[in-house]
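Every chain is numbered from 1 and lettered A, B, ... according to where its sequence line falls, protein lines coming before strand lines. In what follows, every heavy atom counts, from backbone to side chain, and hydrogens, waters and symmetry copies are set aside.
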Amino acid sequence: MKNVYDILKERGFIEQATHEEQIRELLGREKVVFYIGFDPTADSLHVGHLLQMIAMAHMQKAGHVPIVLIGGGTAMVGDPSGKTEMRMMLSREQIQNNARKFKKQFERLIDFSNGRAIMADNADWLLDLNYISFLRDIGRHFSVNRMLTAECYRQRLETGLTFLEFNYMLMQSYDFLQLYRKYGCKLQMGGNDQWSNIIGGVELIRKVEGAEAYGLTFTLLTTSEGKKMGKTEAGAIWLDPEKTSPYDFYQYWRNVDDKDVVKCLSLLTFLPMEEVRRLGSLEGAQINRAKEILAFELTKMIHGEDEAKKAKAAAQALFSSGSDITSAPTTIINERDIRGGIGILDILLLTGLAPSKSEGRRLIQQGGIYVKEKRVDSIDFRIYEQDFDDSKNLIIRKGKKIYHVVKLQ
RNA sequence: GGAGAGAUUCCCGAGCUGGCCAAAGGGGGCAGACUGUAAAUCUGCUGGCGUUGCCUUCGGUGGUUCGAAUCCACCUCUCUCCA
């Protein structure tokens, strides 16, 4: 069987490693306990976390034991890496609630049964820490001079960095040490922005325990334009179907830039690399095929096969014929409310296709709204009960690809 | 603690010798054309509403004035330099 390290490398995950050769050897030799930290600052994971989750799944498949470390304690401080602003702090209850939701989402990819994976929360050891002993035992191993040369702090030095955030590195290093002691965790992985925090921990374990620990960082999943993947104007693409519908999730991947398709396929799906390369070699309009597979595979992975099929069918139906398959976003309105007709602007507002009537007017004046695939040419356009089809649905389209179903009830 | 500088619409950033400012320019976004539900390009739009007009915006609160993003006072926050 292939060494996971090589798999991760081939698929393009690995950005930096503390000891490339040793890690590779270690992973080939024994069952390794490793961890990745996640900040429970929102009530759902999002596409930005996907890469780390998949890497964990690859590792687990190879027989290693992942620890999902929830930063319940560190979330109360805020990580300065890559942030220009200080993060807001959350209450204990919020954090615990978020952590619960995280676990559910992890379970789609990672098997937590029989100790095959571990869920930990650094609040367990961080919250009761004694300041003096922490300084004495941990703090003395860190050189401020060294820390200041770290990229993440250097940037913040220009805009201002509080002592609170400055301590983030110590805490994360301490996490690694704790996990080493508790679970024999020898490897920390994370996004490349975590590099300095990770080596902090590796060094700490060496100094305190005299033991060898390792660190590995992954590429940040960015678009060809260098922007973080998974962000849209509407906000992040969430893994929680309540926050981002499977249809929207599907569409997000269906619409990725040509240049990003191969990268996404190899990093985010489990398709064999030969298949990825084959799909990547498709040219011109053919590449849409690759995008469909990407979107389907990912939707299946996160929301299950049924949802993926529905999303795919809905997309195909809407885009090819504009017919009435309806797992596109739907708004239900009461029959009473449209008695005598309802103005198009009100409908746009109700469906959320336009945030204000002014915006709705603009859309219509510019020819961006279609009802039943016919362009609406007047802001006085009204919709009546008889406009709905037999199953009481009506399709409204905004622009080229945003479909919305209005359902009468 | 002392001395300065600043806070403008989603972001950056003009305006700040008071009316012509819903506020230049850029970015982003949205729509249109072209296309492959891609990219690039071009065009238009981009506070709200009852849209030839009206209403609420320029850190907060008061004040001066016929009229304030623009002037004054106080407050809050941010940054820079000194300690």
Side-chain angles (χ1 to χ4, degrees), chain A residues 83-86 88 155-162 164-165 222-237 245-265 279-296 298-299 308 310-323 325 327-329 342-346 348-371 373-382 395-404:
Chain A
K83 303 284 182 308
T84 34
E85 300 281 316
M86 213 173 106
M88 61 169 178
Q155 278 174 12
R156 294 295 263 103
L157 234 34
E158 277 160 34
T159 54
L161 174 69
T162 62
L164 185 86
E165 294 169 279
T222 52
T223 64
S224 54
E225 254 115 64
K227 285 193 210 132
K228 268 195 185 173
M229 204 97 185
K231 291 264 181 214
T232 64
E233 268 326 286
I237 305 288
S245 73
Y247 176 80
D248 288 335
F249 186 85
Y250 180 93
Q251 281 301 129
Y252 178 78
W253 300 107
R254 182 58 250 265
N255 280 316
V256 294
D257 197 317
D258 282 9
K259 286 172 276 186
D260 297 322
V261 179
V262 177
K263 185 161 63 182
C264 290
L265 281 168
L279 291 169
S281 65
L282 295 174
E283 287 187 14
Q286 284 298 307
I287 201 162
N288 278 321
R289 190 62 204 116
K291 293 187 191 181
E292 271 169 26
I293 292 175
L294 173 69
F296 183 78
L298 278 172
T299 311
K310 267 202 260 172
K312 187 178 180 181
Q316 275 171 347
L318 289 170
F319 281 97
S320 53
S321 62
S323 71
I325 303 246
S327 39
I342 182 167
I344 183 69
L345 291 175
D346 293 312
L348 290 177
L349 218 52
L350 273 170
T351 53
L353 288 171
S356 68
K357 289 195 179 176
S358 295
E359 179 68 28
R361 265 190 205 96
R362 232 170 269 137
L363 280 164
I364 292 167
Q365 275 154 8
Q366 298 184 123
I369 293 294
Y370 303 75
V371 169
E373 289 306 308
K374 271 181 52 198
R375 182 173 275 176
V376 174
D377 51 12
S378 157
I379 56 170
D380 298 320
F381 187 89
R382 294 181 77 77
I395 296 178
I396 300 180
R397 173 156 70 94
K398 172 192 163 198
K400 270 178 284 237
K401 46 196 178 190
I402 297 170
Y403 287 90
H404 202 101

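B:rC79 and B:rC12 are spaced 15 Å apart, taking the P atom of each and rounding to whole Å. B:rG25 and B:rU35 have their C1' atoms separated by 31 Å, with the value rounded to a whole Å. To the nearest whole angstrom, the two P atoms, one in B:rA23 and one in B:rG48, are 13 Å apart. The separation of B:rC58 from B:rA24, taken at their P atoms, amounts to 16 Å, rounded to a whole angstrom. Remark: the separation of the C1' atoms in B:rU56 and B:rU8 is 16 Å, to the nearest Å. When the C1' atom is compared between B:rC74 and B:rC10, the two are found 31 Å apart, to the nearest whole Å. Comparing the P positions of B:rG47 and B:rG63 gives an interatomic distance of 31 Å, to the nearest angstrom. Atom name P, nucleotides B:rA33 and B:rG27: the rounded distance is 23 Å, in whole Å.
Here the nucleotide nearest the side chain of A:K357, chosen from B:rC49, B:rA38, B:rA31, is B:rC49. Checked against B:rG32, B:rA31, B:rG36, the side chain of A:K398 finds its nearest nucleotide in B:rA31. Picking from B:rA33, B:rA39, B:rA38 the nucleotide with the shortest atom distance to the side chain of A:K291 gives B:rA38. With distances taken from any side-chain atom of A:D257 to the nucleotides B:rA39, B:rA31, B:rG36, the minimum falls on B:rA39.
The CD1 atom of A:I396 sits 12.5 Å away from the CD1 atom of A:I402 when rounded to the nearest 0.5 Å.
Pair assignment for B:rA31: B:rU43, on the basis of Watson-Crick or G-U wobble contacts that are both within less than 3.5 Å. Nucleotide B:rA73 forms a pair with B:rU61, judged by Watson-Crick or G-U wobble geometry with both contacts under 3.5 Å. Look at B:rA5: its Watson-Crick or wobble partner, with both distances under 3.5 angstrom, is B:rU78. Both distances falling under 3.5 Å, in either a Watson-Crick or a G-U wobble arrangement, occur for no nucleotide opposite B:rU56.
Outside the 6.0 Å centre-distance limit, the rings of A:Y403 and A:Y247 are not counted as a close aromatic pair.
Among the protein residues, A:G399 comes within range of the sugar-phosphate backbone only, with heavy atoms under 4.0 Å from sugar or phosphate atoms but none that close to a base. Among the atoms of the strands shown, only primed sugar atoms or phosphate atoms (P, OP1, OP2) are found under 4.0 Å from some heavy atom of A:R375. Base engagement by A:I287 is indicated by at least one non-hydrogen atom pair under 4.0 Å involving a base atom.
Distance CG (A:L353) to C1' (B:rC30): 12 Å, rounded to an integer number of Å. Taking atom CZ on A:R397 and atom C1' on B:rA31, their separation rounds to 12 Å, with Å as the unit. Straight-line distance from the CG atom of A:L349 to the P atom of B:rG48: 11 Å, rounded to whole Å. For the pair A:Q365 CD and B:rU46 P, the interatomic distance rounds to 10 Å; values are reported in whole Å. Atom P of nucleotide B:rU37 and atom NE2 of A:H404 are separated by 23 Å, given to the nearest angstrom. Note: CG (A:D346) to C1' (B:rG50) measures 12 Å, nearest angstrom. The distance between atom CZ of A:R254 and atom P of B:rA39, rounded to the nearest whole Å, is 12 Å. Following rounding to the nearest Å, A:N255 (CG) and B:rC30 (P) show an atom-to-atom distance of 11 Å.
The base of B:rU46 lies outside donor-acceptor range of the side chain of A:E359, with no N or O pair under 3.5 Å.
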Exercise. Decide side chain to side chain contact (heavy atoms under 4.5 Å, CB included) for A:D260 and A:D257; before the verdict, give the C-alpha distance in whole Å, the side-chain angles of both, and the deciding distance to 0.1 Å.
Key: CA-CA 5 Å; A:D260 297 322; A:D257 197 317; 3.3 Å; yes
Quiz item: Stepwise, does the side chain to side chain contact (heavy atoms under 4.5 Å, CB included) test hold for A:I364 with A:L348?
Solution: CA-CA 10 Å; A:I364 292 167; A:L348 290 177; 4.0 Å; yes
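In terms of phosphate contacts, A:Y370 brings a side-chain nitrogen or oxygen within less than 4.0 Å of OP1 or OP2 of B:rG32. Using a 4.0 Å cut-off, no side-chain N or O of A:K400 falls inside it from OP1 or OP2 of B:rU35. OP1 or OP2 of B:rC49 lies within a sub-4.0 Å distance of a side-chain N or O belonging to A:S356.
A:R397 places a side-chain N or O within donor-acceptor distance of the main-chain N or O of A:G399, the cut-off being under 3.5 Å. For the pair A:K291 (side chain) and A:V256 (backbone), a donor-acceptor distance under 3.5 Å is present.
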Listing time: all N or O pairs from protein to nucleotides 41-45 of chain B that are below 3.5 Å?
residue	atom	partner	partner atom	Å
B:rG44	N2	A:Q366	OE1	3.0
B:rG44	N2	A:Q366	NE2	3.2
B:rG44	N3	A:Q366	OE1	3.0
B:rC45	O4'	A:Q366	OE1	3.2
B:rC45	O2'	A:R362	NE	3.2

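Minimum heavy-atom separation, A:Q251 to A:A315: OE1-CB, 3.3 Å. Residues A:A354 and A:L363 approach most closely at CB-CD1, 4.2 Å, considering heavy atoms.
Across the interface with RNA chain B, nearest-nucleotide mapping of A:L345 and A:E283 shows A:E283 to be the residue nearer the 5′ end.
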